[in-house]
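Quick note: numbers below take in every heavy atom, side chains included, and nothing from hydrogens, waters or symmetry partners.
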Amino acid sequence: MRISRFYQIQKTLLQYGLDELIPAQWQPWYAKLLRGSLFWLRNRYPEHSIGARLRLALQSLGPVWIKFGQMLSTRRDLLPAALVDELAILQDKVAPFAGEEAQRLIEEALDLTEISALFAHFELKPLASASIAQVHTAQLRQTDGSLADVVIKVIRPGIRKQILADLALMDSLAVMAARFLPDGKRLRPREVVAEYRKTILDELDLQREAANAIQLRRNFAESDSLYIPFVYADHCRSNVMVMERIYGIPVSDIPALEAQGTNMELLAKRGVEVFFTQVFRDSFFHADMHPGNIFVSYDHPENPKYIGIDCGIVGTLNAEDKRYLAENFVAFFNRDYRKVAQLHLDSGWVPAHTKVEEFESAIRTVCEPIFQKPLAEISFGHVLLNLFNTARRFEMQVQPQLVLLQKTLLYIEGLGRQLYPQLDLWKTAKPFLENWVKQQVGLPAIWRQVKENLPFWAEKMPQMPELLHRYLEQGPRQQQALLLQMQQMQQQQHQSKQQIISAILAAACLISASIAFSISTGWLAATLGAAAVIFAIKASLA
(Lines give C-alpha, C1' and ligand atoms only; values in the text may rest on other atoms or scores of the structure.)
Protein backbone atom coordinates (compact mmCIF):
# COMPACT_ATOMS: atom_id res chain seq x y z
CA MET A 1 0.00 0.00 0.00
CA ARG A 2 2.77 2.46 0.94
CA ILE A 3 4.83 1.65 -2.16
CA SER A 4 1.82 2.10 -4.43
CA ARG A 5 0.95 5.44 -2.80
CA PHE A 6 4.56 6.60 -3.17
CA TYR A 7 4.44 5.71 -6.87
CA GLN A 8 1.11 7.50 -7.24
CA ILE A 9 2.59 10.67 -5.71
CA GLN A 10 5.64 10.56 -7.99
CA LYS A 11 3.41 9.86 -10.98
CA THR A 12 1.13 12.81 -10.20
CA LEU A 13 4.01 15.25 -9.70
CA LEU A 14 5.64 14.23 -12.98
CA GLN A 15 2.41 14.14 -15.01
CA TYR A 16 1.74 17.72 -13.94
CA GLY A 17 5.29 18.65 -14.93
CA LEU A 18 6.31 19.83 -11.50
CA ASP A 19 9.89 18.76 -12.06
CA GLU A 20 10.15 22.14 -13.81
CA LEU A 21 10.15 23.74 -10.35
CA ILE A 22 13.62 22.28 -9.68
CA PRO A 23 16.31 24.61 -11.08
CA ALA A 24 18.39 22.99 -13.81
CA GLN A 25 21.63 23.56 -11.89
CA TRP A 26 20.24 21.45 -9.05
CA GLN A 27 19.57 18.45 -11.30
CA PRO A 28 22.59 16.15 -11.76
CA TRP A 29 23.04 14.38 -15.07
CA TYR A 30 21.78 11.04 -13.73
CA ALA A 31 18.55 12.69 -12.49
CA LYS A 32 17.96 14.16 -15.96
CA LEU A 33 18.69 10.77 -17.54
CA LEU A 34 16.22 9.05 -15.20
CA ARG A 35 13.56 11.69 -15.89
CA GLY A 36 14.02 11.27 -19.64
CA SER A 37 13.63 7.49 -19.39
CA LEU A 38 10.21 7.83 -17.74
CA PHE A 39 8.55 8.41 -21.12
CA TRP A 40 5.09 7.34 -19.85
CA LEU A 41 5.07 10.09 -17.21
CA ARG A 42 5.30 13.15 -19.44
CA ASN A 43 3.69 16.50 -18.61
CA ARG A 44 0.06 16.09 -19.67
CA TYR A 45 -1.00 19.67 -18.93
CA PRO A 46 1.45 21.91 -20.82
CA GLU A 47 -1.33 24.41 -21.57
CA HIS A 48 -1.62 25.33 -17.86
CA SER A 49 0.76 27.62 -16.02
CA ILE A 50 3.19 26.08 -13.53
CA GLY A 51 1.16 27.58 -10.67
CA ALA A 52 -2.09 26.04 -11.91
CA ARG A 53 -0.37 22.68 -12.37
CA LEU A 54 1.00 22.81 -8.81
CA ARG A 55 -2.45 23.60 -7.44
CA LEU A 56 -4.15 20.84 -9.45
CA ALA A 57 -1.48 18.30 -8.46
CA LEU A 58 -1.82 19.07 -4.75
CA GLN A 59 -5.60 18.99 -5.05
CA SER A 60 -5.56 15.59 -6.74
CA LEU A 61 -3.24 14.14 -4.07
CA GLY A 62 -5.70 14.83 -1.26
CA PRO A 63 -6.09 16.74 2.00
CA VAL A 64 -2.58 16.23 3.39
CA TRP A 65 -1.10 17.88 0.30
CA ILE A 66 -3.82 20.51 0.04
CA LYS A 67 -3.00 21.68 3.55
CA PHE A 68 0.64 21.93 2.54
CA GLY A 69 -0.41 24.16 -0.35
CA GLN A 70 -2.53 26.27 1.99
CA MET A 71 0.50 26.97 4.16
CA LEU A 72 2.64 27.86 1.13
CA SER A 73 -0.06 30.28 -0.05
CA THR A 74 0.73 32.59 2.88
CA ARG A 75 4.45 32.87 2.01
CA ARG A 76 4.55 35.62 -0.60
CA ASP A 77 8.07 36.44 0.55
CA LEU A 78 9.35 32.98 -0.38
CA LEU A 79 7.39 32.14 -3.54
CA PRO A 80 6.60 34.00 -6.78
CA ALA A 81 3.26 35.86 -6.81
CA ALA A 82 1.88 33.68 -9.62
CA LEU A 83 2.38 30.51 -7.54
CA VAL A 84 0.92 32.05 -4.39
CA ASP A 85 -2.18 33.33 -6.22
CA GLU A 86 -2.90 29.84 -7.54
CA LEU A 87 -2.27 28.15 -4.18
CA ALA A 88 -4.59 30.64 -2.48
CA ILE A 89 -7.47 28.98 -4.36
CA LEU A 90 -6.90 25.90 -2.20
CA GLN A 91 -7.99 27.81 0.90
CA ASP A 92 -11.71 27.51 0.20
CA LYS A 93 -12.21 26.61 -3.46
CA VAL A 94 -11.26 22.93 -3.62
CA ALA A 95 -13.40 20.95 -6.05
CA PRO A 96 -16.65 20.06 -4.18
CA PHE A 97 -18.51 16.78 -4.01
CA ALA A 98 -22.20 16.53 -4.96
CA GLY A 99 -24.67 18.52 -2.90
CA GLU A 100 -27.12 15.60 -2.99
CA GLU A 101 -24.49 13.42 -1.33
CA ALA A 102 -23.96 16.08 1.34
CA GLN A 103 -27.72 16.24 1.99
CA ARG A 104 -27.87 12.45 2.37
CA LEU A 105 -24.99 12.51 4.86
CA ILE A 106 -26.69 15.26 6.91
CA GLU A 107 -30.01 13.42 6.99
CA GLU A 108 -28.28 10.21 8.03
CA ALA A 109 -26.18 11.86 10.75
CA LEU A 110 -29.11 13.81 12.29
CA ASP A 111 -31.68 10.96 11.91
CA LEU A 112 -33.90 13.00 9.60
CA THR A 113 -36.41 11.41 7.26
CA GLU A 114 -36.00 14.50 5.09
CA ILE A 115 -33.85 17.57 5.55
CA SER A 116 -36.82 19.96 5.59
CA ALA A 117 -37.84 18.52 8.98
CA LEU A 118 -35.07 20.56 10.62
CA PHE A 119 -34.02 23.08 7.99
CA ALA A 120 -36.50 25.39 6.28
CA HIS A 121 -34.06 25.84 3.42
CA PHE A 122 -30.95 23.93 2.37
CA GLU A 123 -28.70 25.10 -0.43
CA LEU A 124 -27.40 22.19 -2.50
CA LYS A 125 -24.60 24.29 -3.98
CA PRO A 126 -21.80 24.50 -1.39
CA LEU A 127 -20.80 27.90 -0.06
CA ALA A 128 -17.18 26.78 0.25
CA SER A 129 -15.23 23.59 -0.27
CA ALA A 130 -11.97 22.75 1.48
CA SER A 131 -9.62 19.80 1.73
CA ILE A 132 -11.51 17.77 4.35
CA ALA A 133 -15.05 19.15 4.35
CA GLN A 134 -17.42 21.47 2.54
CA VAL A 135 -20.00 23.96 3.78
CA HIS A 136 -23.65 24.47 2.82
CA THR A 137 -25.94 27.31 3.85
CA ALA A 138 -29.33 26.63 5.43
CA GLN A 139 -32.03 28.05 7.70
CA LEU A 140 -32.44 26.19 10.99
CA ARG A 141 -35.91 25.80 12.53
CA GLN A 142 -35.54 26.78 16.20
CA THR A 143 -37.75 25.70 19.10
CA ASP A 144 -39.45 29.12 19.31
CA GLY A 145 -40.48 28.90 15.65
CA SER A 146 -37.93 31.40 14.36
CA LEU A 147 -35.40 30.71 11.63
CA ALA A 148 -31.64 31.10 12.08
CA ASP A 149 -29.18 31.50 9.23
CA VAL A 150 -26.63 28.72 9.64
CA VAL A 151 -23.93 26.86 7.77
CA ILE A 152 -23.61 23.08 7.82
CA LYS A 153 -20.15 21.58 7.57
CA VAL A 154 -19.94 18.03 6.17
CA ILE A 155 -16.89 15.76 6.08
CA ARG A 156 -16.02 14.46 2.62
CA PRO A 157 -17.06 10.81 2.18
CA GLY A 158 -14.19 8.29 2.13
CA ILE A 159 -11.59 10.87 3.12
CA ARG A 160 -10.30 8.97 6.16
CA LYS A 161 -8.95 6.08 4.07
CA GLN A 162 -6.97 8.44 1.83
CA ILE A 163 -5.53 10.32 4.81
CA LEU A 164 -4.47 7.11 6.54
CA ALA A 165 -2.67 5.97 3.38
CA ASP A 166 -0.69 9.23 3.20
CA LEU A 167 0.10 9.11 6.91
CA ALA A 168 1.42 5.56 6.56
CA LEU A 169 3.71 6.71 3.75
CA MET A 170 4.87 9.72 5.77
CA ASP A 171 5.68 7.43 8.69
CA SER A 172 7.77 5.16 6.44
CA LEU A 173 9.65 8.16 5.06
CA ALA A 174 10.18 9.44 8.61
CA VAL A 175 11.70 6.10 9.65
CA MET A 176 14.09 6.29 6.69
CA ALA A 177 14.94 9.92 7.46
CA ALA A 178 15.66 9.13 11.12
CA ARG A 179 17.91 6.24 10.12
CA PHE A 180 19.83 7.61 7.14
CA LEU A 181 19.88 11.42 7.31
CA PRO A 182 22.78 12.98 9.23
CA ASP A 183 20.31 15.08 11.26
CA GLY A 184 17.68 12.35 11.43
CA LYS A 185 17.75 11.73 15.17
CA ARG A 186 17.95 15.40 16.08
CA LEU A 187 15.03 16.36 13.84
CA ARG A 188 12.88 13.58 15.35
CA PRO A 189 10.81 13.07 12.17
CA ARG A 190 8.79 10.18 13.60
CA GLU A 191 7.65 12.29 16.55
CA VAL A 192 6.74 15.15 14.21
CA VAL A 193 4.72 12.83 11.95
CA ALA A 194 2.99 11.35 15.01
CA GLU A 195 2.03 14.85 16.14
CA TYR A 196 0.72 15.69 12.66
CA ARG A 197 -1.17 12.40 12.54
CA LYS A 198 -2.98 13.24 15.76
CA THR A 199 -3.77 16.72 14.52
CA ILE A 200 -5.24 15.78 11.16
CA LEU A 201 -7.23 12.82 12.51
CA ASP A 202 -8.68 15.09 15.19
CA GLU A 203 -9.77 17.42 12.39
CA LEU A 204 -11.95 14.61 10.99
CA ASP A 205 -14.08 14.70 14.16
CA LEU A 206 -16.47 17.67 13.86
CA GLN A 207 -17.74 17.19 17.42
CA ARG A 208 -14.21 17.94 18.58
CA GLU A 209 -14.14 21.01 16.32
CA ALA A 210 -17.46 22.15 17.78
CA ALA A 211 -16.04 21.86 21.30
CA ASN A 212 -12.94 23.82 20.23
CA ALA A 213 -15.10 26.59 18.76
CA ILE A 214 -17.20 26.79 21.93
CA GLN A 215 -14.03 27.10 24.04
CA LEU A 216 -12.52 29.81 21.82
CA ARG A 217 -15.83 31.71 21.79
CA ARG A 218 -15.90 31.63 25.59
CA ASN A 219 -12.26 32.80 25.79
CA PHE A 220 -13.04 35.85 23.62
CA ALA A 221 -16.61 36.51 24.73
CA GLU A 222 -15.95 40.17 25.59
CA SER A 223 -13.22 40.80 23.03
CA ASP A 224 -13.16 43.66 20.51
CA SER A 225 -10.56 41.79 18.46
CA LEU A 226 -11.98 38.34 17.67
CA TYR A 227 -15.45 36.84 17.18
CA ILE A 228 -16.13 33.09 17.03
CA PRO A 229 -19.53 32.03 15.60
CA PHE A 230 -22.11 30.31 17.80
CA VAL A 231 -22.23 26.52 17.50
CA TYR A 232 -25.55 24.61 17.69
CA ALA A 233 -24.11 21.74 19.71
CA ASP A 234 -27.36 19.71 19.73
CA HIS A 235 -27.10 19.33 15.96
CA CYS A 236 -23.41 18.38 15.76
CA ARG A 237 -22.15 14.89 15.01
CA SER A 238 -18.75 13.42 14.17
CA ASN A 239 -19.21 14.20 10.45
CA VAL A 240 -21.70 17.11 10.58
CA MET A 241 -21.54 20.47 12.37
CA VAL A 242 -24.14 23.27 12.43
CA MET A 243 -23.04 26.79 13.34
CA GLU A 244 -24.07 30.42 12.99
CA ARG A 245 -23.57 31.91 9.54
CA ILE A 246 -21.19 34.85 9.60
CA TYR A 247 -20.84 37.73 7.14
CA GLY A 248 -17.45 39.29 6.65
CA ILE A 249 -14.67 40.19 4.25
CA PRO A 250 -11.98 37.55 3.67
CA VAL A 251 -8.80 38.81 5.30
CA SER A 252 -6.94 38.23 2.03
CA ASP A 253 -9.28 40.60 0.10
CA ILE A 254 -7.14 43.71 0.64
CA PRO A 255 -8.99 45.90 -1.93
CA ALA A 256 -12.34 45.25 -0.23
CA LEU A 257 -10.89 46.01 3.22
CA GLU A 258 -9.36 49.24 1.96
CA ALA A 259 -12.56 50.21 0.13
CA GLN A 260 -14.57 50.22 3.35
CA GLY A 261 -11.92 52.25 5.15
CA THR A 262 -10.54 49.51 7.41
CA ASN A 263 -7.80 50.60 9.78
CA MET A 264 -5.18 48.23 8.36
CA GLU A 265 -2.49 49.04 10.90
CA LEU A 266 -4.79 48.34 13.83
CA LEU A 267 -6.07 45.18 12.13
CA ALA A 268 -2.52 43.86 11.69
CA LYS A 269 -1.59 44.69 15.30
CA ARG A 270 -4.72 42.98 16.60
CA GLY A 271 -3.84 39.86 14.66
CA VAL A 272 -0.54 39.66 16.54
CA GLU A 273 -2.22 40.42 19.88
CA VAL A 274 -4.93 37.80 19.32
CA PHE A 275 -2.31 35.15 18.60
CA PHE A 276 -0.21 35.90 21.67
CA THR A 277 -3.34 36.13 23.84
CA GLN A 278 -4.43 32.67 22.74
CA VAL A 279 -1.00 31.19 23.33
CA PHE A 280 0.07 32.81 26.59
CA ARG A 281 -3.17 33.76 28.32
CA ASP A 282 -5.33 30.78 27.35
CA SER A 283 -2.78 28.11 26.32
CA PHE A 284 -5.35 27.26 23.63
CA PHE A 285 -4.78 28.67 20.15
CA HIS A 286 -6.33 28.37 16.69
CA ALA A 287 -3.63 26.54 14.76
CA ASP A 288 -5.05 26.71 11.22
CA MET A 289 -5.11 30.47 10.66
CA HIS A 290 -4.71 30.55 6.89
CA PRO A 291 -6.62 33.34 5.10
CA GLY A 292 -9.49 31.03 4.13
CA ASN A 293 -10.42 30.69 7.81
CA ILE A 294 -10.15 34.37 8.82
CA PHE A 295 -12.64 37.13 7.99
CA VAL A 296 -13.06 40.76 9.04
CA SER A 297 -16.41 42.07 10.25
CA TYR A 298 -18.24 44.66 8.14
CA ASP A 299 -19.07 46.57 11.33
CA HIS A 300 -16.87 49.44 12.56
CA PRO A 301 -14.04 49.34 10.00
CA GLU A 302 -12.21 51.98 12.06
CA ASN A 303 -12.20 49.49 14.96
CA PRO A 304 -11.91 46.21 13.02
CA LYS A 305 -12.70 42.79 14.46
CA TYR A 306 -11.58 39.40 13.19
CA ILE A 307 -14.00 36.51 12.67
CA GLY A 308 -12.45 33.05 13.05
CA ILE A 309 -13.89 29.83 11.68
CA ASP A 310 -12.73 26.23 11.21
CA CYS A 311 -11.42 25.39 14.68
CA GLY A 312 -10.60 21.79 13.83
CA ILE A 313 -6.91 22.25 14.61
CA VAL A 314 -6.01 23.86 17.92
CA GLY A 315 -2.76 23.86 19.81
CA THR A 316 -2.00 23.76 23.51
CA LEU A 317 1.15 24.37 25.52
CA ASN A 318 1.99 23.20 29.01
CA ALA A 319 3.04 25.72 31.65
CA GLU A 320 6.75 24.92 31.31
CA ASP A 321 6.90 25.34 27.52
CA LYS A 322 4.80 28.51 27.73
CA ARG A 323 7.09 30.02 30.35
CA TYR A 324 10.24 29.22 28.38
CA LEU A 325 8.75 30.55 25.14
CA ALA A 326 7.65 33.83 26.72
CA GLU A 327 11.03 34.37 28.36
CA ASN A 328 12.77 33.52 25.07
CA PHE A 329 10.65 36.04 23.16
CA VAL A 330 11.29 38.77 25.70
CA ALA A 331 15.01 37.99 25.70
CA PHE A 332 15.02 38.17 21.88
CA PHE A 333 13.25 41.53 21.94
CA ASN A 334 15.80 42.81 24.48
CA ARG A 335 18.65 41.32 22.45
CA ASP A 336 19.72 39.36 25.52
CA TYR A 337 21.21 36.47 23.56
CA ARG A 338 23.03 35.13 26.61
CA LYS A 339 19.68 34.53 28.31
CA VAL A 340 18.26 32.94 25.16
CA ALA A 341 21.17 30.50 25.08
CA GLN A 342 20.84 29.76 28.81
CA LEU A 343 17.08 29.20 28.51
CA HIS A 344 17.64 26.66 25.74
CA LEU A 345 20.09 24.84 27.99
CA ASP A 346 17.75 24.97 31.01
CA SER A 347 14.83 23.63 28.98
CA GLY A 348 16.88 20.72 27.62
CA TRP A 349 16.38 21.81 24.00
CA VAL A 350 20.13 21.70 23.46
CA PRO A 351 22.55 19.19 25.01
CA ALA A 352 23.98 19.98 28.45
CA HIS A 353 27.55 19.96 27.09
CA THR A 354 26.81 22.96 24.82
CA LYS A 355 29.07 25.96 25.46
CA VAL A 356 26.82 28.89 26.29
CA GLU A 357 29.23 31.46 24.86
CA GLU A 358 29.38 29.77 21.45
CA PHE A 359 25.62 29.27 21.30
CA GLU A 360 25.07 32.92 22.30
CA SER A 361 27.36 34.10 19.52
CA ALA A 362 25.61 31.95 16.92
CA ILE A 363 22.16 33.25 17.93
CA ARG A 364 23.39 36.85 17.80
CA THR A 365 24.72 36.31 14.28
CA VAL A 366 21.31 35.12 13.09
CA CYS A 367 18.99 37.52 14.94
CA GLU A 368 20.80 40.84 15.22
CA PRO A 369 20.26 41.89 11.58
CA ILE A 370 16.46 41.62 11.78
CA PHE A 371 15.79 44.13 14.55
CA GLN A 372 14.42 47.65 14.07
CA LYS A 373 13.13 46.87 10.61
CA PRO A 374 9.55 46.88 9.33
CA LEU A 375 8.04 43.52 8.57
CA ALA A 376 8.36 44.13 4.83
CA GLU A 377 12.14 44.08 5.13
CA ILE A 378 12.34 40.93 7.26
CA SER A 379 12.25 37.47 5.74
CA PHE A 380 11.40 35.11 8.54
CA GLY A 381 11.80 32.25 6.10
CA HIS A 382 15.48 33.11 5.76
CA VAL A 383 15.80 33.69 9.50
CA LEU A 384 14.28 30.26 10.19
CA LEU A 385 16.69 28.71 7.70
CA ASN A 386 19.63 30.31 9.50
CA LEU A 387 18.27 29.21 12.86
CA PHE A 388 17.91 25.69 11.46
CA ASN A 389 21.58 25.68 10.51
CA THR A 390 22.45 26.96 13.99
CA ALA A 391 20.29 24.24 15.54
CA ARG A 392 22.07 21.59 13.49
CA ARG A 393 25.44 22.87 14.62
CA PHE A 394 24.49 22.69 18.31
CA GLU A 395 22.45 19.44 18.06
CA MET A 396 19.23 21.14 19.11
CA GLN A 397 16.33 18.69 18.93
CA VAL A 398 13.05 19.49 17.21
CA GLN A 399 10.22 19.93 19.73
CA PRO A 400 7.14 18.16 18.26
CA GLN A 401 4.77 19.94 20.67
CA LEU A 402 5.85 23.26 19.12
CA VAL A 403 5.33 22.30 15.46
CA LEU A 404 1.76 23.69 15.42
CA LEU A 405 2.94 26.89 17.06
CA GLN A 406 5.68 27.32 14.45
CA LYS A 407 3.21 26.76 11.62
CA THR A 408 0.79 29.28 13.12
CA LEU A 409 3.58 31.84 13.43
CA LEU A 410 4.20 31.44 9.70
CA TYR A 411 0.50 32.08 9.02
CA ILE A 412 0.56 35.17 11.24
CA GLU A 413 3.57 36.53 9.40
CA GLY A 414 1.91 35.92 6.04
CA LEU A 415 -1.23 37.76 7.14
CA GLY A 416 0.81 40.62 8.57
CA ARG A 417 2.65 41.09 5.28
CA GLN A 418 -0.61 41.26 3.34
CA LEU A 419 -2.42 43.62 5.72
CA TYR A 420 0.25 46.11 6.78
CA PRO A 421 3.79 45.48 5.53
CA GLN A 422 5.18 48.27 7.76
CA LEU A 423 4.07 46.49 10.93
CA ASP A 424 6.80 46.31 13.57
CA LEU A 425 6.16 42.84 14.92
CA TRP A 426 8.63 43.25 17.76
CA LYS A 427 7.20 46.55 18.95
CA THR A 428 3.67 45.12 18.91
CA ALA A 429 4.41 41.89 20.73
CA LYS A 430 7.03 43.01 23.23
CA PRO A 431 4.76 44.91 25.71
CA PHE A 432 2.27 42.05 25.75
CA LEU A 433 4.91 39.44 26.52
CA GLU A 434 6.72 41.56 29.08
CA ASN A 435 3.46 42.11 30.94
CA TRP A 436 2.70 38.37 30.82
CA VAL A 437 6.11 37.44 32.22
CA LYS A 438 5.70 39.97 35.04
CA GLN A 439 2.38 38.36 35.93
CA GLN A 440 4.04 34.96 36.22
CA VAL A 441 6.77 35.95 38.69
CA GLY A 442 7.06 38.09 41.83
CA LEU A 443 4.40 39.29 44.25
CA PRO A 444 1.55 39.58 41.68
CA ALA A 445 1.95 35.91 40.77
CA ILE A 446 2.07 34.86 44.44
CA TRP A 447 -1.05 36.90 45.25
CA ARG A 448 -2.89 35.43 42.23
CA GLN A 449 -2.06 31.89 43.34
CA VAL A 450 -3.26 32.71 46.86
CA LYS A 451 -6.56 34.00 45.47
CA GLU A 452 -6.95 30.92 43.28
CA ASN A 453 -6.39 28.62 46.28
CA LEU A 454 -8.59 30.56 48.71
CA PRO A 455 -11.78 28.56 47.90
CA PHE A 456 -9.95 25.30 48.62
CA TRP A 457 -8.49 26.62 51.85
CA ALA A 458 -11.86 28.03 52.91
CA GLU A 459 -13.45 24.62 52.33
CA LYS A 460 -10.80 22.84 54.41
CA MET A 461 -10.55 25.44 57.19
CA PRO A 462 -13.48 24.08 59.33
CA GLN A 463 -11.82 20.66 59.26
CA MET A 464 -8.43 21.96 60.47
CA PRO A 465 -9.08 21.64 64.28
CA GLU A 466 -10.24 18.06 63.91
CA LEU A 467 -7.33 17.19 61.60
CA LEU A 468 -4.85 18.81 64.01
CA HIS A 469 -6.33 16.96 67.01
CA ARG A 470 -6.21 13.66 65.08
CA TYR A 471 -2.58 14.27 64.12
CA LEU A 472 -1.57 15.10 67.72
CA GLU A 473 -3.46 12.06 69.00
CA GLN A 474 -2.10 9.62 66.43
CA GLY A 475 1.41 11.06 66.34
CA PRO A 476 2.79 9.18 69.41
CA ARG A 477 1.13 5.96 68.25
CA GLN A 478 2.65 6.28 64.80
CA GLN A 479 6.07 7.02 66.29
CA GLN A 480 5.81 3.98 68.58
CA ALA A 481 4.73 1.79 65.68
CA LEU A 482 7.60 3.12 63.57
CA LEU A 483 10.08 2.44 66.40
CA LEU A 484 8.76 -1.12 66.74
CA GLN A 485 9.12 -1.65 62.97
CA MET A 486 12.73 -0.42 63.12
CA GLN A 487 13.51 -2.78 66.02
CA GLN A 488 11.98 -5.69 64.11
CA MET A 489 14.07 -4.77 61.04
CA GLN A 490 17.24 -4.65 63.13
CA GLN A 491 16.41 -8.05 64.64
CA GLN A 492 15.76 -9.50 61.19
CA GLN A 493 19.07 -8.08 59.93
CA HIS A 494 20.88 -9.66 62.94
CA GLN A 495 19.24 -13.03 62.26
CA SER A 496 20.14 -12.83 58.59
CA LYS A 497 23.73 -12.05 59.51
CA GLN A 498 23.88 -15.06 61.86
CA GLN A 499 22.40 -17.31 59.15
CA ILE A 500 25.03 -16.20 56.64
CA ILE A 501 27.91 -16.74 59.13
CA SER A 502 26.62 -20.20 60.13
CA ALA A 503 26.13 -21.20 56.49
CA ILE A 504 29.67 -20.10 55.62
CA LEU A 505 31.15 -22.04 58.59
CA ALA A 506 29.10 -25.15 57.68
CA ALA A 507 30.38 -24.98 54.11
CA ALA A 508 33.97 -24.49 55.31
CA CYS A 509 33.76 -27.45 57.70
CA LEU A 510 32.25 -29.66 55.01
CA ILE A 511 35.01 -28.77 52.54
CA SER A 512 37.70 -29.39 55.24
CA ALA A 513 36.13 -32.75 56.14
CA SER A 514 36.31 -33.78 52.49
CA ILE A 515 39.99 -32.86 52.34
CA ALA A 516 40.74 -34.71 55.64
CA PHE A 517 38.91 -37.79 54.43
CA SER A 518 40.91 -37.80 51.18
CA ILE A 519 44.22 -37.92 53.11
CA SER A 520 42.96 -40.78 55.34
CA THR A 521 42.52 -38.72 58.51
CA GLY A 522 39.24 -40.33 59.57
CA TRP A 523 38.86 -38.94 63.07
CA LEU A 524 39.48 -35.35 61.81
CA ALA A 525 37.06 -35.80 58.90
CA ALA A 526 34.37 -37.07 61.28
CA THR A 527 34.89 -34.15 63.64
CA LEU A 528 34.69 -31.58 60.85
CA GLY A 529 31.61 -33.29 59.38
CA ALA A 530 29.87 -33.14 62.76
CA ALA A 531 30.76 -29.42 63.03
CA ALA A 532 29.35 -28.82 59.53
CA VAL A 533 26.05 -30.47 60.60
CA ILE A 534 25.87 -28.34 63.75
CA PHE A 535 26.48 -25.08 61.85
CA ALA A 536 23.94 -26.08 59.18
CA ILE A 537 21.28 -26.72 61.85
CA LYS A 538 22.11 -23.39 63.48
CA ALA A 539 21.77 -21.57 60.13
CA SER A 540 18.34 -23.10 59.51
CA LEU A 541 17.09 -22.23 63.01
CA ALA A 542 18.47 -18.68 63.11
Residue pair [X] / [Y]: nearest heavy atoms and the distance that separates them:
X	Y	value
Ser223	Lys305	O-NZ, 3.4 Å
Ser129	Arg156	OG-NH2, 2.8 Å
Asn303	Arg270	OD1-NH2, 2.6 Å
Arg217	Pro229	NH1-C, 3.7 Å
Glu100	Leu124	OE2-CD1, 3.7 Å
Gly308	Ile294	CA-CD1, 4.4 Å

*Does a side chain donor of either Gln162 or Asp166 reach within less than 3.5 Å of an acceptor in the other side chain?*
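The criterion, which ignores hydrogens and geometry beyond distance, is not satisfied for Asp166 and Gln162.
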
Interatomic spacing from [atom1] in [X] to [atom2] in [Y] - rounded to 0.5 Å:
X	Y	atom1	atom2	answer
Leu127	Thr137	CG	OG1	6.0 Å
Phe276	Phe285	CZ	CZ	11.5 Å
His136	Lys125	NE2	NZ	11.5 Å
Arg55	Ile50	CZ	CD1	12.5 Å
Tyr298	Ile246	OH	CD1	9.0 Å
Met289	Gln278	CE	CD	5.5 Å

*asked:* As a quick check of understanding, evaluate side chain to side chain contact (heavy atoms under 4.5 Å, CB included) for Gln139 and Asp149, giving each step before the final call.
replied: CA-CA 5 Å; Gln139 287 186 312; Asp149 289 341; 3.4 Å; yes

Test item: [X] and [Y] side chains (from C-beta on) under 4.5 Å apart, heavy atoms:
X	Y	answer
Asp253	Leu257	no
Ile254	Leu419	yes
Leu206	Cys236	no
Asp205	Ser238	yes
Tyr337	Arg335	yes
Val340	Glu360	no
Leu167	Leu201	yes

Any donor-acceptor N/O pair, [X] side chain to [Y] backbone, under 3.5 Å:
X	Y	answer
Tyr227	Phe220	no
Asn219	Asp282	no
His286	Ile309	yes

*asked:* Could you walk me through whether Ile132 and Ile155 satisfy the side chain to side chain contact (heavy atoms under 4.5 Å, CB included) test, starting with their C-alpha distance in whole Å, then the side-chain angles of each, then the deciding distance to 0.1 Å, before giving a yes or no?
replied: CA-CA 6 Å; Ile132 288 180; Ile155 295 291; 3.7 Å; yes

*Excluding sequence neighbours, so at least two apart, what forms side chain to side chain donor-acceptor pair (under 3.5 Å) with Gln260?*
Thr262

*Around His300, counting heavy atoms of other residues, nucleotides and ligands shown, do more than 12 lie under 6.0 Å from its NE2?*
no

*Between Leu266 and Tyr420, is a side chain to side chain contact (heavy atoms under 4.5 Å, CB included) present by the stated rule, with each step listed?*
CA-CA 9 Å; Leu266 180 57; Tyr420 188 71; over 6 Å; no

*State plainly whether the residues Lys153 and Asp310 are in salt-bridge range, i.e. N to O under 4.0 Å.*
yes

_Does Arg245 qualify as a cation-pi partner of Phe295, given the criterion of NZ or CZ under 6.0 Å from the six-membered ring centre and within 45 degrees of its axis?_
no

*For Glu265, enumerate each residue passing the salt bridge (Lys or Arg N to Asp or Glu O under 4.0 Å) test, keeping only those at least two apart in sequence or located in another chain.*
Lys269

